[in-house]
Number of protein chains: 2
Amino acid sequence: MSKRRSGDPTIKDVARLARVALMTVSRVINNQPSVRPATRKRVEAAIAQLGYQQNEAARQLKGQRARIIGLIVPDLSDGFFAICAHTIQRLARQHGFMTLVVASGRDAELEVEQAELMAKRMISGLLLVSSIQDPQPFHERLQRADLPMVAFDRPLAGLKTDAVLVENRAGAAAAVQHLIEHGHTRIACIGYDEEVYTIRERIDGYRGAMQQARLKPMVAAGLGQLDEVRAWLGRVLASKTPPTAIFTLNHRTSAQLYQALAERGVAIPGQVAVVGFDDFDLAPVLNPPLTAVAQAPAELAARSMHLLLERINRTAQGEFEEPAKILLPTSLVVRSSCGKHV
Amino acid sequence: MSKRRSGDPTIKDVARLARVALMTVSRVINNQPSVRPATRKRVEAAIAQLGYQQNEAARQLKGQRARIIGLIVPDLSDGFFAICAHTIQRLARQHGFMTLVVASGRDAELEVEQAELMAKRMISGLLLVSSIQDPQPFHERLQRADLPMVAFDRPLAGLKTDAVLVENRAGAAAAVQHLIEHGHTRIACIGYDEEVYTIRERIDGYRGAMQQARLKPMVAAGLGQLDEVRAWLGRVLASKTPPTAIFTLNHRTSAQLYQALAERGVAIPGQVAVVGFDDFDLAPVLNPPLTAVAQAPAELAARSMHLLLERINRTAQGEFEEPAKILLPTSLVVRSSCGKHV
DNA sequence: TTGAAAGCGCTAACAC
DNA sequence: GTGTTAGCGCTTTCAA
């Protein structure tokens with residue numbers, strides 16, 4: 001029973017009350033200069049008196065963009081993206097935008113389809129943590145959506161969009177460097193999702209740091225499940241030269257490794273030191289507290305949002321500007337899982 | 001062909017191609033029965049050929065509801081609500097809805113304001129974890145929004161809306177009961193946010209279980225920060241009869257308590273046993289693994305979504321039905337923070 | 001069963 | 001400066 005919400009005052013009501021034409025009201029609303037101050041006052045008074053608010057549907061039908069921004073992330077239940085989403089939503093609201101959120105489930109087809117749906121709804125802009133691996137078919141569709149767009153956390157290689165990324169390489173290298181300074185030489189690197197940009201970068205950072213120290217890299221990047229971590233751990237611990245330190249590629253692997261190590265009674269950092277990429281709220285509560293490479297999801301989100309707002313404004317004024325690329329530093333939060341400094 | 005800014009085919013294009021009037025196309029789209037099968041076929045063919053899709057703005061302008069549902073939670077960065085949001089978004093998409101998400105920051109005024117904004121956008125329904133404490137001024141505004149609405153996790157007392165809640169009392173009682181069965185008699189209950197429905201219920205459950213066992217309740221419900229937990233712990237441990245077990249009211253407090261206990265070198269469960277309300281992904285990784293009352297956020301979200309979809313359909317058909325109230329059970333996940341059974 | 005016409009509330013384009 | 005007109009794409013109403 002869709003009772004028509006005809007109770008809301010329209011531009012017409014305002015015009016009648018202010019004794020002006022529709023257009024004058026429209027001009028006042030849209031802040032156009034060519035209205036005499038006295039007239040503007042009258043209109044504003046009428047607007048206030050009636051509690052008039054613009055009808056979004058009508059504006060959109062005329063081709064205006066909705067005061068909505070879109071947000072697509074792989075997984076909303078992942079703490080990292082949840083913080084991003086929270087921050088973005090808050091900032092969007094503060095700037096008068098509502099937020100459409102999509103969890104793509106790491107499905108590139110779904111991601112692009114949902115982006116197109118958002119475009120159809122005339123959203124003002126899109127923030128995107130893309131799961132696209134093979135650019136070819138998808139990028140064109142995204143480009144065609146013709147939307148102010150900012151990629152964050154992961155780039156959209158080849159697309160002319162703003163991007164806000166984290167210094168994954170440097171962060172990983174710093175973590176490995178830290179272990180090396182503790183005297184470790186057999187440092188393993190474990191994780192999963194190696195086809196994902198951020199993970200690839202971290203692995204590169206690890207490799208770089210190892211090679212620079214003339215150490216032999218040892219990467220196991222297919223350990224998505226706890227059981228796989230357990231199996232890997234069993235294997236390397238049984239080897240002649242087990243690693244004395246492990247660098248984990250993200251928070252989930254850090255947690256799984258802790259569990260697997262605890263099950264085997266392996267002492268951290270006594271027998272094996274651990275440093276993880278991704279800090280998280282429970283890292284200090286783990287036993288022992290985990291040394292981790294902290295990203296700043298809230299900052300990542302905030303920078304992305306600001307970039308998007310800028311681009312939205314520029315686009316609205318017909319300006320164009322080369323895509324910006326922002327790299328955010330990480331910081332190594334030293335706790336006790338890596339042992340005392342030598 | 002009139003030049004259109006969007007380039008998207010309109011109902012008009014379809015009508016021309018199918019050689020029927022606009023209305024016939026509209027009827028086909030909206031599945032109205034009074035169209036001859038042959039005509040319908042022609043129209044459908046034209047729709048397919050042009051790749052026609054309805055323009056939402058135009059439908060809305062005519063008073064139809066948008067295929068959008070709204071979601072308001074206190075805090076998106078809270079793991080519990082993040083899982084809810086993730087699930088709801090996914091289900092909404094599967095049913096052809098997009099999802100507008102708002103994190104209210106536990107601000108009742110903001111919550112209602114955003115709900116009203118959503119209503120103005122003609123969303124089809126609203127899912128709400130309400131932060132309203134004092135119903136009077138806000139409920140009326142919500143009611144007036146005239147929206148299919150489902151409250152979850154927390155009820156909207158006095159409002160005629162569906163609600164999906166968790167059995168907080170029974171869950172808390174079961175946790176305390178478990179500790180009692182382990183022989184504990186001095187069981188403290190700590191947490192924060194006691195003005196929130198769920199926390200109040202859990203405290204009630206704790207009190208009930210204690211009183212039934214003729215034990216003296218010991219509640220400290222103002223410990224929001226780690227420092228406060230530390231201070232409280234210092235105080236009770238120094239007392240003549242310190243608690244031998246602690247029941248925490250939510251996951252954040254559980255984590256803080258673990259940290260505070262570790263700092264003091266208090267053994268879990270040796271010196272103090274712990275059971276927490278709220279299970280979370282890292283609970284098994286803590287040292288020792290935390291025994292916790294598991295809620296099922298994904299299930300909570302799914303049931304809420306289904307209830308909302310039903311109500312949306314009913315409302316669309318002018319039907320009415322008494323608000324439903326669903327109570328979801330919790331389960332006690334026994335790990336090792338509560339010690340071996342006596 | 002189908003069609004024509006009248007707007008929904010707004011803004012762009014052009015008059016005055 | 002301000003007003004008038006003409007739609008945006010769709011659904012409702014009423015006529016055929």
Side-chain angles (χ1 to χ4, degrees), chain A residues 1-44 46-47 50-67 120-122 316-318, chain B residues 1-44 46-47 50-67 119-122 316 318:
Chain A
M1 169 143 168
S2 48
K3 185 96 176 179
R4 217 175 274 149
R5 22 187 42 263
S6 50
D8 290 353
T10 76
I11 201 175
K12 211 166 162 182
D13 300 318
V14 177
R16 196 181 309 126
L17 183 60
R19 299 222 204 91
V20 292
L22 297 184
M23 262 322 288
T24 307
V25 180
S26 177
R27 285 188 182 108
V28 170
I29 292 165
N30 295 307
N31 244 327
Q32 288 184 31
S34 61
V35 179
R36 216 190 316 161
T39 319
R40 162 159 281 145
K41 274 261 149 53
R42 271 221 319 288
V43 172
E44 276 164 353
I47 287 175
L50 293 172
Y52 165 80
Q53 292 178 287
Q54 276 180 297
N55 178 316
E56 281 278 339
R59 295 190 65 239
Q60 266 165 259
L61 191 52
K62 291 297 292 183
Q64 316 287 111
R65 308 223 86 124
R67 298 282 297 175
K120 240 191 67 187
R121 287 187 183 278
M122 302 292 283
Q317 285 160 28
Chain B
M1 319 298 136
S2 55
K3 195 76 166 211
R4 241 168 279 95
R5 67 195 294 98
S6 55
D8 288 350
T10 75
I11 201 175
K12 209 164 162 183
D13 300 316
V14 176
R16 196 181 311 126
L17 183 62
R19 296 219 208 94
V20 293
L22 298 183
M23 261 322 291
T24 308
V25 180
S26 177
R27 287 189 181 105
V28 171
I29 292 165
N30 295 306
N31 244 327
Q32 290 184 38
S34 60
V35 179
R36 217 187 316 160
T39 318
R40 161 160 283 145
K41 274 259 149 52
R42 272 219 320 289
V43 173
E44 278 164 352
I47 287 174
L50 294 173
Y52 166 79
Q53 293 178 286
Q54 277 180 297
N55 177 315
E56 283 278 340
R59 296 188 63 238
Q60 266 166 259
L61 191 50
K62 293 297 291 184
Q64 316 287 110
R65 308 222 87 126
R67 299 281 296 173
K120 236 191 70 187
R121 287 188 182 277
M122 302 293 283

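None of these values were measured; they are calculated from a predicted model. In what follows, chains are A, B, ... by sequence order, proteins preceding strands, each numbered from 1.
Side-chain contact between B:Asn55 and B:Asp8 is absent, with no heavy-atom pair separated by less than 4.5 Å.
Within the 4.0 angstrom heavy-atom criterion, only backbone atoms of the sugar-phosphate kind lie near A:Thr10; the bases stay farther away.
Following rounding to the nearest Å, A:Leu22 (CG) and C:dC8 (P) show an atom-to-atom distance of 11 Å. For the pair B:Asp13 CG and D:dC8 C1', the interatomic distance rounds to 13 Å; values are reported in whole Å. If you take CG of B:Leu61 and P of D:dG7, they are 17 Å apart, rounded to a whole angstrom. Put simply, CD on A:Gln60 is 12 Å from C1' on C:dG9, counting in whole angstrom units. To the nearest angstrom, C1' of D:dC8 lies 13 Å from CG of B:Asp8. The distance from atom CE of A:Met122 to atom P of D:dC8 is 14 Å, rounded to the nearest whole Å. Rounded to whole Å, atom C1' of D:dG9 lies 13 Å from atom CE of B:Met23. Note: NZ (B:Lys41) to P (C:dT1) measures 16 Å, nearest angstrom.
Under 4.0 angstrom from either OP1 or OP2 of D:dT2 there lies at least one side-chain N or O belonging to A:Arg36. In this model, the phosphate group of C:dC8 is not approached by any side-chain N or O of A:Asn55 to a distance below 4.0 Å at OP1 or OP2. For D:dT12, one of the phosphate oxygens OP1 or OP2 lies less than 4.0 angstrom from a side-chain nitrogen or oxygen of B:Gln64. Phosphate proximity of C:dT11 to A:Ser26: present, with a side-chain N or O under 4.0 Å from OP1 or OP2. The shortest distance between the side-chain N/O atoms of B:Arg59 and the OP1/OP2 oxygens of D:dT11 is below 4.0 Å. Between B:Gln54 and D:dT11 there is a side-chain polar atom (N or O) within less than 4.0 angstrom of OP1 or OP2. Residue A:Thr24 has a polar side-chain atom (N or O) positioned under 4.0 Å from OP1 or OP2 of D:dG3. Dashed line: the shortest gap from a side-chain N or O of A:Ser34 to OP1 or OP2 of D:dT2 is not under 4.0 Å.
Checking D:dT2, C:dG3, C:dT11 against every side-chain atom of A:Lys62, the shortest atom distance belongs to C:dT11.
Note: A:Arg67 CZ to A:Gln60 CD = 12.0 Å, rounded to the nearest 0.5 Å. Within the model, atoms CD1 of B:Ile29 and OH of B:Tyr52 stand 3.5 Å from one another, a figure rounded to the nearest 0.5 Å.
Comparing B:Gln53 and A:Arg27 by the nucleotide of DNA chain D whose heavy atom lies nearest to each, the residue mapping closer to the 5' end is A:Arg27. When each of B:Arg40 and B:Ala58 is assigned the nucleotide of DNA chain C bearing its nearest heavy atom, the one mapping closer to the 5' terminus is B:Arg40.
The pair A:Arg121-B:Glu56 meets the salt-bridge criterion, with a side-chain N (NZ, NE, NH1 or NH2) lying under 4.0 Å from an Asp/Glu carboxylate O.
Between B:Arg42 and B:Arg19 the shortest heavy-atom distance is NH2-O, 3.4 Å.
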